[in-house]
Amino acid sequence: RVHGVPFKMASQFRQEMPPPGGYQAVEWAKQISGRKFNGYKVFGLIVTSKILAYTYYRYHLANKKREYLEMNDARIAVTPLYLAESDRAYLKHLRAIRDEEADLMKNVPGWEVGKLDGKEVYHNVRERFIMPEQIEMVWHSKSTKSDIAYPIVRYFKSKLAQRNAE
């Protein structure tokens, strides 16, 4: 018996040997692979990328210019409508102020709406529209402290109160 194994089995054991012809040689030296990119390829990639970038830039520049012109045309087309609507809202506000004046002064004898002491407030020779001052626009508004017109109205009402007190 050898190491607890019957001797008969030990005789059947076979040592592993190298393959016939031996193993391949072990390469232990540094392997330098061939370069994938040489100078010409890198230069070609840079030139190609620059050409593509310039083409992309020109394409989007043309699109941007076209969109700008289209928006400018739309702005020009809509401006008269916007101004007309703005003027309509302005005249509507002036009419509301005039109607409020008529309602406030209905019990005053001899009072004519739009006149002061029998003379037109906005009398001019050429019969042109004169823009009223800002205070006249916001005087009868229901301004609150958060309203932008509140400081203006408060200032002019205090000045009017001082003048009436004198």
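Both Leu104 and Trp111 are part of a single hydrophobic cluster, where members link through side-chain heavy atoms under 4.5 Å apart.
Every residue two or more places apart in sequence or in another chain that forms a salt bridge (charged side-chain N to carboxylate O under 4.0 Å, His left out) with Lys106 is listed here: Asp103. Residues passing the side-chain contact (heavy atoms from CB on, under 4.5 Å) test with Leu81, sequence neighbours excluded: none. For Tyr82, the ring pair (Phe, Tyr, Trp, His ring centres under 6.0 Å) test picks out no residue, with sequence neighbours left out. With sequence neighbours left out, Ile46 forms a side-chain contact (heavy atoms from CB on, under 4.5 Å) with Val42, Lys50.
For residues 15-47, no pair satisfies ring pair (Phe, Tyr, Trp, His ring centres under 6.0 Å), with sequence neighbours left out.
Of the inter-residue distances, the one linking Leu91 atom CG with Asp87 atom CG reads 6.5 Å to the nearest 0.5 angstrom. Put simply, CZ on Arg88 and NE2 on His93 are 14.0 Å apart, with the number rounded to the nearest 0.5 Å.
Lys41 approaches Lys36 most closely through the heavy-atom pair NZ-O, 3.2 Å.
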### Task
I would like to know whether Lys64 and Glu67 meet salt bridge (Lys or Arg N to Asp or Glu O under 4.0 Å); could you show each step before the answer?
CA-CA 5 Å; Lys64 192 174 182 180; Glu67 287 175 8; over 6 Å; no
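The closest side-chain heavy-atom distance from Tyr59 to Asn63 is below 4.5 Å. A 4.5 Å side-chain heavy-atom check between Glu70 and Asp73 finds every atom pair outside the cut-off. Contact of the Arg58 side chain with the Leu61 side chain is registered, since non-hydrogen atoms from C-beta on lie closer than 4.5 Å.
In the hydrophobic clustering (ILVMFWY side chains linked at under 4.5 Å, chained through shared members), Val26 stands by itself.
Here Arg98 does not pair with Glu101 in a salt bridge; the nearest charged N to carboxylate O distance is not below 4.0 Å.
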